[in-house]
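Numbers here are sequence positions counted from 1.
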Amino acid sequence: MRSGGLVRGWMTLAGIVLVALGLLGFLDNPLVGKASGALIPTDNTHNSVHLFTGLLALYIAFRLGGQNQVSATIGFGILYVVIFLAVLISPNLFGFFDVPGTAIIHVINAALAVVSLLVGYMARNSAPSWSE
């Protein structure tokens, strides 16, 4: 399946970025975390979510294949649709986050959702049917 490379590439990129965001969030820096004026303000719970979903994306990229990988990518997109809507409705995720979600967090969550769904559906539609 040629589209498998696209799926694997996207999930690898998403996983690396999310793991990096999660790890950086635990360190004092101006990009991500609790630091005053951080570009992406997060707390330890939010950093843990980034780590978990990043590791999930890497699992999808390297441990799954074929239709399982495609379906998991779509599932990952759906997960991020839910995360996007939940943080949009409740910026502190109903009390789980100490630091409320900001516009950049909404953009990141929406991008992860949309791109994962697009890549997953493109791969699903380009995959050979079982009858071929």
(request) Check whether the side chains of Trp10 and Ser116 place a donor and an acceptor atom closer than 3.5 Å, and report yes or no. (result)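 Per modelled atom types, Trp10 and Ser116 side chains form a pair under 3.5 Å.
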(message) Please tell me whether Arg124 and Ser71 have a donor and an acceptor in their side chains that are separated by less than 3.5 angstrom.
(response)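 Ser71 and Arg124 do have a side-chain donor-acceptor pair below 3.5 Å.
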Between [X] and [Y], is there shared hydrophobic-cluster membership here, with clusters defined by ILVMFWY side-chain heavy atoms closer than 4.5 Å?
| X | Y | answer |
| --- | --- | --- |
| Phe62 | Leu13 | no |
| Val119 | Ile16 | no |
| Ile104 | Leu24 | yes |
| Val107 | Phe76 | no |
| Val49 | Phe96 | yes |

At what distance, to the nearest 0.5 angstrom, does [atom1] of [X] lie from [atom2] of [Y]?
| X | Y | atom1 | atom2 | answer |
| --- | --- | --- | --- | --- |
| Leu88 | Ile105 | CG | CD1 | 12.0 Å |
| Ile60 | Leu55 | CD1 | CG | 11.0 Å |
| Leu118 | Thr73 | CG | OG1 | 12.0 Å |
| Ile108 | Ile83 | CD1 | CD1 | 12.0 Å |
| Leu58 | Arg8 | CG | CZ | 11.5 Å |

Shortest non-hydrogen contact from [X] toward [Y]:
| X | Y | result |
| --- | --- | --- |
| Leu112 | Ala14 | CD2-CB, 3.9 Å |
| Thr102 | Pro41 | CG2-CG, 3.6 Å |
| Ala86 | Leu93 | CB-CD1, 3.5 Å |
| His50 | Leu21 | ND1-CB, 3.9 Å |
| Phe97 | Val87 | CE1-CG2, 4.2 Å |
| Ala38 | Gly33 | CB-O, 3.6 Å |

Checking [X] side chain against [Y] main chain: does a donor-acceptor pair fall under 3.5 Å?
| X | Y | value |
| --- | --- | --- |
| Asp43 | Asp98 | yes |
| Gln69 | Ala61 | yes |
| Asn125 | Tyr121 | yes |

(message) For residues 99-120, which residue pairs pass the ring pair (Phe, Tyr, Trp, His ring centres under 6.0 Å) check, not counting sequence neighbours?
(response)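 Applying ring pair (Phe, Tyr, Trp, His ring centres under 6.0 Å) to every pair that reaches into residues 99-120, excluding sequence neighbours, yields nothing.
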(request) Mind jotting down which residue pairs meet the side-chain hydrogen bond (donor to acceptor under 3.5 Å, both in side chains) criterion with at least one end in residues 52-61? Sequence neighbours excluded, please. (result)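 The answer is Thr53-Tyr80.
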(request) Only pairs at least two apart or in different chains count here, so list each side-chain hydrogen bond (donor to acceptor under 3.5 Å, both in side chains) that has a residue in residues 18-40. (result)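 Sorted result for residues 18-40: empty, none.
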(request) Decide yes or no for Ile40 and Leu31: does some side-chain heavy atom of the first lie under 4.5 Å from some side-chain heavy atom of the second? (result)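 Not touching, per the 4.5 Å side-chain cut-off.
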(message) Going by the rule side-chain hydrogen bond (donor to acceptor under 3.5 Å, both in side chains), which residues pair with Asn47 if we only count those two or more places apart in sequence or in a different chain?
(response)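 Result, side-chain hydrogen bond (donor to acceptor under 3.5 Å, both in side chains) vs Asn47: Thr42.
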(request) Apply side-chain hydrogen bond (donor to acceptor under 3.5 Å, both in side chains) to Asn44 and list each qualifying residue two or more places apart in sequence or on a separate chain. (result)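 Asn44: no side-chain hydrogen bond (donor to acceptor under 3.5 Å, both in side chains) contacts found.
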(request) Could you walk me through whether Val81 and Asn109 pass side chain to side chain contact (heavy atoms under 4.5 Å, CB included), step by step? (result) CA-CA 7 Å; Val81 167; Asn109 291 340; over 6 Å; no
(request) Go through the steps to decide whether Leu117 and Ile78 satisfy the test side chain to side chain contact (heavy atoms under 4.5 Å, CB included), and finish with yes or no. (result) CA-CA 7 Å; Leu117 289 170; Ile78 292 169; 4.0 Å; yes
(message) Under the rule for side chain to side chain contact (heavy atoms under 4.5 Å, CB included), what residues qualify as partners of Leu51, not counting sequence neighbours?
(response)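 With sequence neighbours excluded, Leu51 shows a side chain to side chain contact (heavy atoms under 4.5 Å, CB included) to Val19, Leu23, Phe26, given in chain and number order.
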